[in-house]
Amino acid sequence: MSHDSTTAPNFIRNQIRDEIDEGKVDKIVTRFPPEPNGFLHIGHAKSICLNFGLAEQFGGDCHLRFDDTNPAKEEQQYIDAIKADVTWLGFEWAGDVRYASDYFDQLYAWAQHLVREGKAYVDDLTPDEIREYRGTLTEPGKPSPYRERSVEENLELLERMRVGEFAEGDKVLRAKIDMASPNINLRDPILYRIRHAQHHQTGDKWHIYPSYDFTHGQSDAIEGVTHSVCTLEFEDHRPLYEWFLENLPVPCVPRQIEFARLNMNYTLTSKRKLKLLVDNGIVDGWDDPRMPTLSGMRRRGYTPASIRKFCEMIGVTRADGGLVDIAMLYHAIRSDLEDNAPRAMCVLKPLKVVLTNVPEGFEEVYDVKGHPARDDMAPRRIPLTREVWIDRDDFMEEPPKKFFRLAPGKEVRLRNSYVIRCDDVIKNDAGEIEALHCSVDFDTLGKNPEGRKVKGVIHWVSVTHGVPVELRLYDNLFQVELPDKDKDADFLEHLNPESLITLEGVAEPGLKDTAPETRFQFERVGYFCADRYARRDNKLVFNRTVGLKDTWAKMQKKS
RNA sequence: UGGGGUAUAGCCAAGCGGUAAGGCACUGGUUUUUGGUAUCAGCAUGCGCAGGUUCGAAUCCUGCUACCCCAGCCA
């Protein structure tokens with residue numbers, strides 16, 4: 001599969017290009033290695049686009065490999081969701097889906113190899129003791145009293161760990177490297193721990209599970225990965241990654257390259273915290289349209305292409321601590337949908353307008369383009385009747401200067417139809433506006449009125465033909481740029497109470513049988529997507545992906 | 001106070017010794033039956049700071065400063 005020709009330079013692309021030019025590598029192999037303990041989010045999209053994009057650009061392969069070494073946290077539902085998300089984003093992994101657990105036998109044999117070489121040992125220290133012996137950032141650690149066990153004893157103990165003779169926490173297998181290393185990862189890192197857990201792939205076969213460090217590089221090597229791209233926090237692990245490759249008879253030597261993970265304002269990308277939102281029912285599941293998960297964004301109406309474009313826009317660097325403006329994401333989806341979403345009229349907050357100089361039973365139908373700049377999109381048929389809905393926001397009884405919409409005595413154009421003038425405001429006993437009485441200027445269809453300029457154009461829907469719809473207006477889940485900035489303060493305090501506003505609107509008749517996941521631009525309002533699942537009281541549900549740019553609202557806010 | 005990293009505009013980011021790309025955001029003009037779109041123009045005498053090398057430095061050297069990551073039997 002191949003998309004998006006724009007390939008801005010970045011340090012990884014440059015490096016690989018140079019390696020290929022110099023003949024150091026022929027065909028590259030990358031991999032996307034998620035742990036199946038949650039749903040993929042926008043930060044993972046950056047990694048997916050990078051890894052699969054690299055393979056595409058240089059004619060190599062990218063594998064999908066689940067890093068499934070911790071059965072306590074992993075679930076099959078996450079595996080299924082992750083596969084679906086990667087596919088939806090538009091990428092195809094080379095060969096079958098892979099699992100680190102596919103390599104557990106080989107990993108165990110390599111552990112035995114290290115033991116035989118005197119480079120690994122079984123440690124009986126408790127977790128607390130191990131922590132104490134490890135030292136601190138500024139003080140060296142000290143060797144475990146079990147560090148010098150014989151090869152035979154280590155081998156036997158390791159085997160007994162494997163078959164489940166010991167309780168969790170009783171023993172671990174450790175590499176024998178350097179307890180005084182300034183790099184804490186090299187202070188005899190743990191290779192295997194005891195876990196009497198059912199594993200989603202291997203069932204009850206194992207009672208010990210390899211650590212990330214003992215698994216990742218070797219899995220890369222087994223798969224022939226050439227470039228193992230990961231995030232910056234693994235930088236300190238690279239010496240360990242390389243230590244295993246040097247001390248084990250691996251078939252090839254991958255190189256680890258780190259890049260900065262994505263941080264975006266108003267957004268959380270901690271799987272732990274996202275899971276908390278889900279588990280506490282603060283959002284409506286992992287695919288709630290307010291979630292930064294790929295499945296949430298899909299439901300919200302984001303297109304795969306817009307997410308890929310966003311990832312291209314933000315670039316790839318080693319500079320951390322940066323914060324991408326979510327406006328860039330909004331730009332990416334707007335520009336895709338501006339080009340590709342058919343237009344429709346939909347009234348969000350209906351206000352009835354009676355066209356008083358039009359007879360009862362009047363009906364006139366307009367053929368309207370599906371998209372102003374594209375003729376390949378199906379035209380729409382829009383009926384005008386005596387009563388129409390307009391948006392309450394398009395009328396003001398006492399309009400400010402430069403309000404180009406409806407007001408008493410003022411004129412406005414009904415989009416695709418006539419210019420009307422507001423003659424009367426009908427109110428109920430409570431003084432609330434119930435309807436507007438307007439008159440049509442019949443000499444304005446498809447042409448400007450004589451002798452005056454009518455600047456305003458508003459959208460509308462026939463009362464008799466419009467289809468009632470539920471509209472879900474989404475906004476940022478958090479109202480502060482950095483919801484988890486305060487280390488200990490509760491990020492839930494920063495939730496945006498208006499992240500979801502539900503309205504009962506009316507859409508033009510052609511939308512009656514809209515298929516799930518169909519996207520529209522509701523003219524003058526925003527981009528909406530028919531929900532994948534929901535229908536409410538047999539009504540269609542449209543999720544607002546993002547609003548149109550609104551310079552009027554901006555002007556209002558300023559003054 | 002140990003180790004590993006990173007600093008280019010409000011934000012993201014190119015740049016790799018020859019005189020600061022691009023995008024987002026913002027500001028102003030034009031077009032427009034979407035206050036949308038499109039389009040034009042503006043937006044770093046300066047690249048964390050201070051020195052030095054050089055005809056020439058964001059790029060090389062030295063010294064500072066700020067921020068990020070690491071003390072899970074998580075990944």
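The analysis underlying the following values was restricted to heavy atoms, covering all of them including side chains, and did not include hydrogens, waters or symmetry mates. In what follows, chains carry the letters A, B, and so on, assigned in the order in which the sequence lines appear, proteins first and then strands, with residues in each chain numbered from 1.
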Name all residues meeting the side-chain hydrogen bond (donor to acceptor under 3.5 Å, both in side chains) criterion together with [X]; count only those two or more places apart in sequence or in a different chain, and write none if there are none.
X      : value
A/T545 : none
A/S439 : A/D423
A/K410 : none
A/T126 : A/E129

What integer number of Å spans the C1' atoms of B/G17 and B/C47?
15 Å

Separation of the C1' atoms in B/U32 and B/A20, to the nearest angstrom:
37 Å

Quick test: give all pairs of protein nitrogen or oxygen and nucleotides 16-24 of chain B nitrogen or oxygen below 3.5 Å, distance rounded to 0.1 Å.
unit_1: B/C24; atom_1: OP1; unit_2: A/H331; atom_2: NE2; d: 3.3

Interface residues of [range] with RNA chain B (non-hydrogen, below 4.0 angstrom):
range                       : value
residues 336-349 of chain A : A/E338, A/R343
residues 179-188 of chain A : A/P182, A/I184
residues 127-147 of chain A : A/P127, A/I130, A/R131, A/R134, A/G135, A/T136, A/L137, A/T138

Given 3.5 Å as the limit, does a donor-acceptor pair link the side chain of A/R308 with the main chain of A/C49, or not?
no

Identify, with sequence neighbours excluded, every residue that meets ring pair (Phe, Tyr, Trp, His ring centres under 6.0 Å) alongside [X].
X      : value
A/H200 : none
A/Y302 : none
A/H207 : A/H196
A/Y108 : A/W206

Under the 3.5 Å rule, do the base of B/U34 and the side chain of A/R524 count as making a donor-acceptor pair?
no

I want to check one thing: is the phosphate of B/U27, taken as OP1 and OP2, less than 4.0 Å away from some side-chain N or O of A/K558?
yes

Gap between atom OH of A/Y241 and atom OH of A/Y212 - 0.5 Å precision:
7.5 Å

